[in-house]
Amino acid sequence: MKVEEIKVTLPDGSVMDFKKGVSGEEVAKAISERLLKDAVAMKVDGILKDIASPLNEDCSIEILTSKNKESLEIYRHSTAHLLANAVKELFPETKIAIGPVIEDGFYYDFDRETPFTPEDLPAIEQKMAEIAKRGNPIERQDVSSEEAIRLFKGEDEPYKVELVTEKGQGGMVSIYKQGNFTDFCRGPHLSSTSKIKEGTFKLLSIAGAYWKGDEKNKMLQRIYGTSFFTKKELDEHLKKLEEARLRDHRKLGKELDLFSVADEIGGGLILWHPKGAIVRKTIEDFWREEHIKNGYEFVFTPHIGRSTLWETSGHLDFYKENMYPRMEMENQTFYAKPMNCPFHVMIYKSKHRSYRELPLRWAELGTVYRYEKSGVLHGLMRVRGFTQDDAHLFVPQDDMEKEVVSVINFTIHILKSFGFTEFSSFIATKPEKSVGEEERWNAATDALKRAAESVDLLYEMDEGGGAFYGPKIDIKIKDALGRSWQLSTVQFDFNLPEKFNLEYIGKDNKPHTPYMIHRALLGSLERFFGILIENFAGAFPLWLAPEQVRVMSIADRHIPYCEKLLAEFKEKGIRCSSDFRPEKINYKIREAQLEKVPYMLISGDREIENESVSVRTRSGGDRGSKKVVEFLDEFFKKVKSKEIKLD
RNA sequence: GCCGAUGUAGCUCAAUGGUAGAGCAGCGGAUUUGUAAUCCGUUGGUUGGAGGUUCAAGUCCCCUCAUCGGCUCCA
């Protein structure tokens, strides 16, 4: 009997002959023992497969090792299965739900009467290591949905039964077995549990999570973890998490005396302390100057408005669950504003408008209040009262795209000024609760896409994530730790102008309806401040630092000279303070350093003699003596250029 | 809102059901100092709040509030 042969093409173009049904492992082995050892999975004609899968026809294959970017996901996915395997061995009564790979690791959801505790994690990790060592092969089986359902019913795994029923749709599904643990999974997976090396995975936290992410469903227990091919990478990752923890704006906010929240006032309501407030003022001043340069005007509007306003705007229909409850007064009903737009619209409506005035660009640092569920509040990042750096642009319909482009450019210019250089974006489309016809939504969404493309801004689609009145483009930045934050939002609105019957008289002497753009560049000042704190780890760039310079005396006899400097600096608008206490200079330096003051100016006998200051920067240490005029020159240069680094 | 954890001095943390403590900060004093902590003394608490069990509660139970990790949601 003749053995059928197949031709296998490798990534370098070479072709090898194998018997039909050869496994990926055998192919890897034929190339090199080393490759077999390193093999994670393979791609057959571009499709990810287990390394043990048979090859039944001519194909091109690529053996994936830890160097390929898909491999880490496979490794983590197998680690997630290992986690579930360990949990089932330790706590057999547990029902397993779902365990996907996420950005920095994986999780697995479990249903168990007794919740897991943090103390359980080391025990589970240990069990995982034990199972890994057993080296059970991880085997894929393709079975019918019915068979899989029968199997999981037999194992009393209702969540798996539900998943197979949904995803299998009666066809074939794949299951993976390792030892006596079976999971429903698309794969691919590592070939053996022994491929997961001890010390390369870590369980991180426990949390509640709704089954299928729906708050109507039962809450399950989620265990988060992560894994890497090497212990070194895992350690680096854990170090990064630790670094993020150290930069936590809530911790730094307290340490640097920037802001606080008080029980007596309520969660999510921020108190800006003087040091935080001066940073905010600096941001606001810059923001205002740039807006003037870019053709904006400023408006101010109240914090509350009558219910009729919110009825017309649609907020009471579409946004009520986020609004603070009504206030009754003299038979009138008021609401605290969750958005500024209706107020700006009313300014527009205060008189007749001509096409000659358009586009009108009105900006306001408008403080809004939104009800947020207590569980979501988070430092400055998620609050109940916040100030948006808001603006509304009233634009002739034909000019919308052009205006959106210029808003996006403006946004990027502003964000760059704060040291952010990496951007990406989401274009969010029509949500379920929304107003306006499908066609206009689509046209507006397309306009946003074209605008993003014209400024080379990468975007992903966020289906159903738009505001109720129109689609939007949200711009995200990457911070110093590589984390993404959403800041800016540019929203297309063809609905509010209609609801409020906005119009302008065109060239043709006829009324036309303008469109609106809602936009916020920094998002909210609270969140932006939080992001800045974390990005700079509390060490604000010179132009933003609450205290830019601290003048320190060596001994009491130097105080008069220091006071003269202080007065001169203050006069020149430098945010500066003094430390004239009879303490050792080391003590004063340590304190200023911990407070992250950019410049420490030390003066003693030597400095008095030649009209100089000894300059120390928080990042560069002792910079030696400089003439006062030289220092001032350097100082103002750095402030003006908004330099991030001091030396 | 939901699941879990936590809540002790301004901050960071101790205290088998048996008299609430330390370091730092603060305050008082001494020290006059050259690039990340000088020394001595000292104030400070309805243990988040309200109830209960007990001879006795920071500790055990119930309720409540806040915070933290997530889920859902979001600037």
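All of these numbers come straight from a predicted model, not from anything done at the bench. Residue numbers start from 1 in every chain, and the chains themselves are labelled A, B, ... in the order their sequence lines are given, proteins ahead of strands.
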Pick the [atom1] atom in [N] and in [M], then give their distance to the nearest Å.
| N | M | atom1 | answer |
| --- | --- | --- | --- |
| B:C68 | B:U12 | P | 13 Å |
| B:C11 | B:G44 | C1' | 13 Å |
| B:U42 | B:A56 | P | 36 Å |
| B:U16 | B:G58 | P | 13 Å |
| B:G41 | B:U47 | C1' | 27 Å |
| B:A9 | B:A14 | C1' | 13 Å |

Identified pairing partner of [N], criterion: Watson-Crick or G-U wobble below 3.5 Å:
| N | answer |
| --- | --- |
| B:U38 | B:A30 |
| B:G10 | B:C24 |
| B:A56 | none |
| B:G69 | B:C3 |
| B:U19 | none |

- Query: Are A:Tyr224 and B:G70 stacked, counting the six-membered base ring, centres under 5.5 Å, planes under 30°?
  - Reply: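 The base of B:G70 is not stacked with A:Tyr224 (the test needs centres under 5.5 Å and planes under 30°).
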
Rounded to whole Å, please give me the gap between [atom1] in [X] and [atom2] in [N].
| X | N | atom1 | atom2 | result |
| --- | --- | --- | --- | --- |
| A:Lys254 | B:A25 | NZ | P | 18 Å |
| A:Glu591 | B:U38 | CD | P | 10 Å |
| A:Asn322 | B:G1 | CG | C1' | 13 Å |
| A:Ile223 | B:G4 | CD1 | P | 15 Å |
| A:Lys212 | B:G70 | NZ | C1' | 20 Å |
| A:Met323 | B:C74 | CE | C1' | 16 Å |
| A:Leu204 | B:G69 | CG | C1' | 11 Å |
| A:Asn340 | B:A75 | CG | P | 14 Å |

ask   = Are A:Phe106 and A:Tyr108 close enough that their ring centers fall under 6.0 Å?
value =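 No, ring centres 6.0 Å or more apart.
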
Handout entry: Aromatic ring proximity A:Trp287/A:Phe418, centre distance under 6.0 Å
Key =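 A:Trp287 vs A:Phe418: aromatic centres not under 6.0 Å.
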
What nucleic acid atoms does [X] come within less than 4.0 Å of, heavy atoms only: base, sugar-phosphate, or nothing?
| X | result |
| --- | --- |
| A:Leu377 | sugar-phosphate |
| A:Asp556 | base |
| A:Arg616 | base |
| A:Gly267 | sugar-phosphate |
| A:Lys218 | nothing |
| A:Glu321 | nothing |
| A:Phe528 | nothing |
| A:Ser374 | base |
| A:Glu583 | base |
| A:Val261 | nothing |
| A:Gly604 | base |
| A:Gly523 | sugar-phosphate |
| A:Ile589 | base |
| A:Arg250 | sugar-phosphate |

Looking at [X] and [N], is any side-chain donor or acceptor paired with a base atom of the opposite kind under 3.5 Å?
| X | N | value |
| --- | --- | --- |
| A:Tyr210 | B:G1 | yes |
| A:Arg382 | B:C73 | yes |
| A:Glu372 | B:G1 | no |

### Query
From A:Ile98 CD1 over to A:Glu162 CD, what is the distance, rounded to the nearest 0.5 angstrom?
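One finds 10.0 Å between CD1 of A:Ile98 and CD of A:Glu162.
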
Are [X] and [N] close enough that a side-chain N or O sits under 4.0 Å from OP1 or OP2?
| X | N | answer |
| --- | --- | --- |
| A:His378 | B:C74 | no |
| A:Tyr587 | B:G34 | no |
| A:Lys216 | B:U72 | no |

Is it the case that the side chains of [Y] and [X] hold a donor-acceptor pair, with the cut-off being a distance below 3.5 Å and no angle test?
| X | Y | value |
| --- | --- | --- |
| A:Arg581 | A:Ser553 | no |
| A:Tyr599 | A:Glu634 | yes |
| A:Gln388 | A:Ser524 | no |

Please tell me which of the listed nucleotides, [options], lies nearest to the side chain of [X]?
| X | options | value |
| --- | --- | --- |
| A:Arg606 | B:C73, B:G70, B:G34 | B:G34 |
| A:Arg527 | B:C74, B:A36, B:U12 | B:C74 |
| A:Arg370 | B:U12, B:A75, B:G34 | B:A75 |
| A:Gln593 | B:A36, B:U72, B:U67 | B:A36 |

Exercise. Taking for each residue the nucleotide of RNA chain B bearing the nearest heavy atom, is the 5' side occupied by A:Thr489 or by A:Gly624?
Worked result: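 Mapping each residue to its closest nucleotide by heavy atoms, the 5'-most match is A:Gly624.
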
| Of A:Lys584 and A:Arg618, the one whose closest RNA chain B nucleotide lies more 5' |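 With A:Lys584 and A:Arg618 compared, the 5'-side residue is A:Lys584.
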
>> One thing to verify: whether A:Glu243 and A:Lys239 come together as a salt bridge, which I'm taking to mean a side-chain N less than 4.0 angstrom from a carboxylate O.
In response: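 Salt bridge between A:Lys239 and A:Glu243, a charged N being under 4.0 Å from a carboxylate O: no.
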
Q.
Go through it in stages, so that I can follow the logic: the residues are A:Glu607 and A:Ser612, the test is side-chain hydrogen bond (donor to acceptor under 3.5 Å, both in side chains), and I'd like the CA-CA distance, side-chain angles, deciding distance and then a yes or no.
A. CA-CA 5 Å; A:Glu607 285 72 25; A:Ser612 63; 5.0 Å; no

Does A:Trp485 form a side-chain hydrogen bond (donor to acceptor under 3.5 Å, both in side chains) with A:Asp479? I'd like the steps, not just the answer.
CA-CA 8 Å; A:Trp485 298 99; A:Asp479 76 2; 3.0 Å; yes

